[in-house]
Amino acid sequence: MAETTNSNTETKKANFIHAQIDADLAAGKNDKRVHTRFPPEPNGYLHIGHAKSICLNFGLAQKYGGKTNLRFDDTNPSKEETEYVESIMEDVHWLGFDWEDRLYYASNFFPKLHAFAIQLIKEGKAYVDDQNAETISEQKGTPQKPGIESPFRNRTIEENLDLFERMTAGEFDEGEKVLRAKIDMTSPNMHMRDPIIYRIMKAHHHRTGDKWCVYPMYDFAHGQCDYWEGITHSICTLEFEVHRPLYDWFVDQLMDSDYRPRQIEFSRLNLTYTVMSKRKLLELVKDNHVNGWDDPRMPTISGLRRRGYTPESIRNFSDKIGVTKVDGTTDVSLLEFSVREHLNKTAQRVMGVLDPLKVVITNYPEDQEEMLSAVNNPEDENMGRRDVPFSREVYIERNDFMENPPRKFFRLGPDREVRLRYGYLIKCNEVIKDEEGNVTELHCTYDSESKGGKSSDGRKVKGVVHWVSAKHAVKAEVRLYDRLFTDEEPDGHKDVDFKAFMNPDSLKVLNECYIEPFVKNSKPLDHFQFERLGYFNMDPDSTADNPVFNRTVALRDSWAKAQKK
RNA sequence: UGACCUGUGGUGUAAUUGGCAACACGUCUGAUUCUGGUUCAGAAGAGUCUAGGUUCGAGCCCUAGCAGGUCAACCA
C-alpha cells in the first residue's frame with residue numbers, strides 16, 4: 001500500500017493549492033508547517049466526494065511532511081450521532097489514512113468557544129438579540145439590498161453579559177434569544193451582516209450530553225478550531241468561499257501571534273449518474289429504498305467497499321481527477337476505469353457461470369474426470385496456477401450459445417466448434433429443447449487430442465468459452481449491482497425527484513449460478529475476475545457453504561456494445 | 001440592481017519567468033490473445049467563452065463584454 005501511495009504523490013501534478021502552500025512556505029509563514037484537517041459533520045456516512053477531500057488533505061500533509069487531524073464538526077446536536085462518528089473513522093482508515101493521536105471534536109472546544117464569545121461581548125463585538133428568526137432574517141436584507149440594524153444591537157456590555165449567561169443557564173427557550181457578532185449590516189456579503197454565533201438548543205449532544213443548551217454556529221466554530229488545533233491550511237469546498245471574510249474576522253479577534261490558518265476552497269466532486277447529497281442518501285436509507293448506508297449500490301465509501309472497490313482504486317481516482325475551482329462533473333467511467341485498472345493486475349481469474357446451460361459431452365466416458373491446469377493471473381506469473389476439475393457434464397453461459405448465430409458471433413451454435421477454456425475443443429451436435437421450444441441442453445463431442453491449446457490437425461477456433469464442471473461446481477449467489485440511477489439523472493446536485501429515476505435493475509440477484517470449486521478455500525473480500533463477466537468480490541456476509549459474490553464492476557465488452565448498435 | 005468565484009477537445013486535468021496547447025478517461029482503427037478482456041501500435045477530436053488591446057510572439061498580461069456557479073438556515 002505504501003508503494004502505491006508514494007508513486008501517487010510523485011506523479012501528482014502541481015495545482016493551485018500546492019502553489020498557495022509553496023508561497024506560504026517561501027514566505028516563511030507558520031514556522032513553515034503544513035497542517036491540514038478533515039472535518040466531517042457526523043450526520044451521515046462518508047461518500048466518494050468525501051474521499052476526494054480525505055485524499056487531498058492527507059495527501060497534502062504527506063507531500064509536505066506535515067500532519068492531518070480528523071475533526072468531527074459536531075456543533076449541531078440535532079443531526080449528529082455516534083454511529084456516524086464510528087463509520088467515518090472506519091472509512092478513513094480503510095482508505096489508508098491515519099490521523100494518529102490527532103482526533104478532535106469541535107465539541108471539545110465548547111468551553112473555549114464560550115469563553116471567546118464572552119470576550120467578544122466584553123469588547124463590544126457581540127450582542128444578544130431577542131428577535132425571532134423571521135424578524136432577523138427580514139432585517140438582514142437580500143444580497144442586493146443592505147440590511148438594517150437590530151433594535152437590540154446597542155445593548156450595554158453588562159446587559160449582554162447577563163443575558164448570555166442566562167441563555168447558557170437555560171433560562172430561555174429555543175429561539176427566544178441568539179448571540180450575534182456585531183460586524184456590518186450593510187456589508188455586500190450577507191455573512192458579515194451580524195451573523196448569529198450562538199443559538200439556544202435544548203438537544204442531547206452525542207458527546208457532551210445535556211451539559212450545554214447553547215451551541216455555536218459553524219462559522220463561529222470552524223476557524224477557531226483550526227486556530228486552536230494549529231491548522232495552517234483549512235481546505236473546504238467552494239460554497240464556503242463567501243464565508244472566508246467571516247472566517248478571517250474571527251481569526252483576527254483571536255490571533256495572538258504570527259500564526260494564522262488560511263482557508264482555501266476547491267470544487268467538490270460531482271459524478272455523472274450519481275447522487276452525492278447526504279440529505280438524499282439519508283432519504284434513500286430512511287425510506288428503505290436501499291438496505292442501509294453500506295448498500296453496495298450506494299456511492300458511500302462503505303457501499304463501494306462492500307461492492308468490492310479497493311482503497312487503492314479510490315485513491316488513484318482521486319489523484320486522476322485533480323483539484324481545481326471549476327465546478328464540473330466527472331464521468332463515472334473514470335471511477336470504473338480506476339477499479340478495473342487495479343483489479344486487472346491483482347485479481348485472481350476464476351470461471352463462473354451466471355446463467356447456466358448444460359452441455360453433455362457424449363463421447364467423454366461417464367465416470368471419468370480429470371484436472372485441468374488454469375492460470376490464476378496472466379498479468380502476474382507469481383500468482384501461479386490452479387487445477388480445475390473437468391467431467392462429462394459442464395455448464396456454459398447460456399448466451400455463449402445461439403441457435404441462429406449472426407455474422408461475427410464466434411461462440412457456440414449448431415455444428416459449431418469452440419474451445420472450453422483450459423480444456424478441449426467441443427462441437428455442438430444436438431440441441432435439446434422442452435415442449436415450449438426453450439433450449440435446455442446441448443449434446444457435444446470433444447476432441448480428445450485438443451487439450452492444452454492445440455488440435456490434432458492444427459485447426460483453430462475463434463471462440464473460447466468459460467465453463468464449470470456440473471458435478472464439481474459450487475452453487476453460488478451472485479449479485480449484480482448496477483448504478484442506482486439511470487441515464488436520465490445526470491447530476492447529483494440538481495434538485496429533482498431522484499427516486500423517479502431509480503433503476504429497477506440496479507440490483508439483480510442470480511440464484512442459479514455455478515462457480516468453480518476453488519471458492520471453498522477463499523477468504524471473504526477477496527477479489528476475482530470472473531472470465532468475461534467482470535470483477536467480483538466475495539460478500540462479507542457470505543460463508544463457504546453459501547458463497548455470495550458482488551460484482552464490483554463489469555468488464556468492458558465490445559461484443560455487447562456491438563449488439564446494442 | 002449587489003458581492004465573490006469560475007470559463008482550455010465529449011469528460012476530468014496540464015502548459016517553467018508570455019514561446020509550436022500536453023496527459024488521462026471516453027470514442028474509433030489495426031495487431032496480439034486459450035474468452036470480443038488484457039496488452040501493444042495508431043487515429044480522430046480543442047486553437048483555449050467573445051471582442052478589442054499590449055507584444056516579434058498571448059491560454060497566460062490589460063480593457064470591455066458574455067456565460068455558468070455561490071451567497072438572503074437559530075444547517076454544515
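Every chain is numbered from 1, with letters handed out A, B, ... down the list of sequences. All of these numbers come straight from a predicted model, not from anything done at the bench.
Residue contacts shown for A/Glu397 are absent, as no nucleic acid heavy atom lies under 4.0 Å away. Using a 4.0 Å heavy-atom cutoff across all strands shown, A/Lys408 reaches at least one base atom of the nucleic acid. Within the nucleic acid shown, A/Thr330 comes within 4.0 Å of sugar-phosphate atoms alone, with no base atom in reach, counting heavy atoms only. At the heavy-atom level, A/Arg180 lies nowhere under 4.0 Å from the strands shown. Nucleic acid contact class of A/Tyr215 (heavy atoms, under 4.0 Å, all strands): none. A/Thr324 comes within contact range of the sugar-phosphate backbone alone, with a heavy-atom separation under 4.0 Å but no base atom that close. In this structure, A/Ser137 reaches the sugar-phosphate backbone alone: every heavy-atom distance under 4.0 Å involves primed, P, OP1 or OP2 atoms, never a base. As judged by a 4.0 angstrom heavy-atom cut-off over every strand, A/Asn132 is placed among the base-contacting residues. Contact annotation for A/Tyr424: no contact, since no heavy-atom pair falls under 4.0 Å across all strands. Contacts of A/Val375 with the nucleic acid, taken as non-hydrogen atoms under 4.0 Å apart, are absent. Across all strands shown, A/Asp73 has heavy atoms under 4.0 Å from sugar-phosphate atoms exclusively, and none from any base. Among the atoms of the strands shown, base atoms are found under 4.0 Å from some heavy atom of A/Gln144. Here A/Gly328 lies in heavy-atom contact (under 4.0 Å) with sugar-phosphate atoms only.
Comparing B/rU38, B/rC74, B/rG2 by their closest approach to the side chain of A/Glu379 singles out B/rU38. For A/Leu334, counting side-chain heavy atoms from C-beta on, the closest listed nucleotide (B/rC74, B/rG36, B/rC25) is B/rC25. Listed nucleotides B/rG12, B/rC71, B/rG26 differ in distance to A/Phe337; the shortest reach to its side chain belongs to B/rG26. For A/Asn15, whose side chain is taken as the heavy atoms from C-beta onward, the closest listed nucleotide among B/rA14, B/rC74, B/rG36 is B/rA14. Of the candidate nucleotides B/rG36, B/rC71, B/rC75, B/rG36 has the atom nearest to the side chain of A/Arg411. Closest approach to the A/Met217 side chain among B/rG12, B/rC75, B/rG2 is made by B/rC75 (side chain taken as heavy atoms from C-beta onward). Side-chain proximity of A/Val326 to the nucleotides B/rG36, B/rU6, B/rA76 is greatest for B/rU6. For A/Met190, the side-chain atoms get nearest to B/rA72 when compared with the rest of B/rA72, B/rC75, B/rC25. Each of B/rA72, B/rU6, B/rG37 was ranked by its minimum atom distance to the side chain of A/Arg349; first place goes to B/rG37.
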ring-ring contact (aromatic ring centres under 6.0 Å, His included) for A/Trp559 and A/Phe409? Distances and angles first, verdict last. CA-CA 9 Å; A/Trp559 166 246; A/Phe409 182 78; 5.5 Å; yes

CA sep, side-chain torsions, deciding dist, call: A/Arg37, A/Ser234, side chain to side chain donor-acceptor pair (under 3.5 Å): CA-CA 7 Å; A/Arg37 103 265 92 112; A/Ser234 181; 3.1 Å; yes

Can you check ring-ring contact (aromatic ring centres under 6.0 Å, His included) on A/Phe518 and A/Phe528, steps first, answer last? CA-CA 11 Å; A/Phe518 90 99; A/Phe528 310 102; 5.0 Å; yes

Check the pair A/Phe337, A/Phe317 against ring-ring contact (aromatic ring centres under 6.0 Å, His included), reporting the backbone distance first and the verdict last. CA-CA 9 Å; A/Phe337 166 80; A/Phe317 169 71; over 10 Å; no

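Checking A/Asp129, A/Val128, A/Val214 one by one against A/Lys177, the side chain to side chain contact (heavy atoms under 4.5 Å, CB included) holds for a single residue, A/Val128. With A/Phe116 as the fixed residue, the ring-ring contact (aromatic ring centres under 6.0 Å, His included) test singles out one of A/Phe220, A/Tyr198, A/Phe110, A/Phe164: A/Phe220.
Closest approach of A/Ala473 and A/Val468 over heavy atoms only: CB-CG1, 3.2 Å. Considering every non-hydrogen atom in both A/Thr310 and A/Ser313, the closest pair reads O-OG, 2.7 Å.
Comparing A/Asn344 and A/Glu241 by the nucleotide of RNA chain B whose heavy atom lies nearest to each, the residue mapping closer to the 5' end is A/Glu241. Nucleotides of RNA chain B nearest to A/Gln529 and A/Asp74 differ in position, and the one nearer the 5' end is that of A/Gln529.
Here A/Arg193 does not reach the OP1 or OP2 of B/rA72: none of its side-chain N or O atoms lies under 4.0 Å away. Remark: A/Thr75 is in phosphate contact with B/rA76, judged by side-chain N or O atoms under 4.0 Å from OP1 or OP2. Phosphate contact (OP1/OP2 of B/rU33, side-chain N/O of A/Arg419, threshold under 4.0 Å): absent. When the side-chain nitrogen and oxygen atoms of A/Lys561 are compared with OP1 and OP2 of B/rU27, one or more of them lie within a distance under 4.0 Å. Taking only side-chain nitrogens and oxygens, A/Ser558 comes nearer than 4.0 Å to OP1 or OP2 of B/rG37. Between A/Arg556 and B/rG26 there is a side-chain polar atom (N or O) within less than 4.0 angstrom of OP1 or OP2.
Using atom C1' as the reference point in both B/rU32 and B/rG42, the two lie 15 Å apart (nearest Å). Nucleotides B/rU55 and B/rC62 are separated by 12 Å at their C1' atoms, to the nearest Å. Across B/rU27 and B/rC5, the matching P atoms stand 38 Å from one another, rounded to whole Å. Across B/rG45 and B/rA21, the matching P atoms stand 14 Å from one another, rounded to whole Å. One P atom belongs to B/rG26, the other to B/rA73, and the distance between them is 43 Å to the nearest Å. Look at the P atom in both B/rU50 and B/rU11: the space between them is 15 Å, to the nearest Å. Remark: the separation of the C1' atoms in B/rG47 and B/rC20 is 11 Å, to the nearest Å.
By the 30° and 60° cut-offs, the orientation of the rings of A/Phe530 relative to A/Phe536 is parallel.
Using a 4.0 Å cut-off between a side-chain N of Lys or Arg and a carboxylate O of Asp or Glu, A/Glu41 and A/Lys79 do not qualify as a salt bridge.
Because its glycosidic torsion is more than 90° from 0, B/rG26 is reported here as anti.
Judged by distance alone with a 3.5 Å cut-off, a donor-acceptor contact links the side chain of A/His243 to the base of B/rA76.
Side chains of A/Asp331 and A/Ser333: a donor-acceptor N/O pair is present below 3.5 angstrom, by distance only.
Consecutive Watson-Crick or G-U pairs involving RNA chain B, each under 3.5 Å on both distances, make up stems of three or more pairs at B:2-7 with B:66-71, B:10-13 with B:22-25, B:27-31 with B:39-43, B:49-53 with B:61-65.
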